[in-house]
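Atoms within each ligand, like the ligands themselves, are counted from 1 in listed order.
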Amino acid sequence: MKIVYHPRYTEIYSSDPAASPGRMEAILRELEREYDFIEPQAASEDDLGCVHTQAHIESIKRDKHLYDISCLAAGGAVKAAQIAVEGEASFGLIRPPGHHASPDHCWGFCYFNNIAVALAKLQNENLIENALILDFDLHFGDGTNNFFEGSEIKYFHPDTRNRDEFIEGIISRFQEDKDYSILAVSAGFDRHVEDWGGQLTTDDYRTIGRLVKEAAERNCKGRRFAVLEGGYNHNVLGRNVKAFLEGLA
Ligand SMILES: [Zn+2]
């Protein structure tokens, strides 16, 4: 298991909750003694251009700091995906998040769609044919869905406020869907009982990680990676990420 992380992710690039001071540090404290860390490079404009319109890229570029950090986040997802393709599980401890970024617009603390940039790059380089994306964030990843609707990359966001149904939904999707070259996860932790969603326990994140690992081992040679999306209660975020990674590893 590798953690993809860049020290610049602690920089404060906006005033939204994903960019709040101390958020990355809360996760780092839980992970830094447990795992190997790898530093990514920023995604190139060409990488972004595979999924975003030039007008959208230019609109983010108007804020140089935001653009630089957003390119680094997308580069972090690319690195995590590349590690996964080679057979090792990985987690992109990145921000800003990405799943509300569409080809030509963005909202919800997102600027570029990190997981979409990563999967499009793997696909363009013929490293994968298709993919399954599990998004367990509290919020529907409209951006990711907009990129891949109708394509061979499938997007899945379990949609229920019932905890048992949520876990069952993941289990049954993994039983039905077996055709993918890589399993990618938009890992948002804002569904936790002490976060905005008030739904999942810390142990549930360990279970979800294990389900991802088992599905990847059955169907795509164990190729699996996750990237951070939401999660806003700094008091529990670190232990939730750690529990998920214990299942995923
Ligand atoms: Zn969210």
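- Residues passing the salt bridge (charged side-chain N to carboxylate O under 4.0 Å, His left out) test with Asp68, sequence neighbours excluded: Lys64.
- Protein atoms of type N/O/S that fall under 2.8 Å from the Zn ion (ligand 1) number 3 in this view.
- Between Glu58 and Arg62, none of the side-chain N atoms (NZ, or NE/NH1/NH2) sits under 4.0 Å from a carboxylate O, so this pair counts as no salt bridge.
- The pair Glu86-Lys2 fails the salt-bridge criterion, with no side-chain N (NZ, NE, NH1 or NH2) lying under 4.0 Å from an Asp/Glu carboxylate O.
- Look at Glu25 and Arg29 and you find no salt bridge, because none of the NZ, NE, NH1 or NH2 atoms lies under 4.0 Å from a carboxylate O.
- Side chain of Arg239 to main chain of Asn235: a donor-acceptor pair is present (N/O by atom type, distance under 3.5 Å, no hydrogens or angles).
- Note: Ser15 OG to Phe109 CZ = 9.5 Å, rounded to the nearest 0.5 Å.
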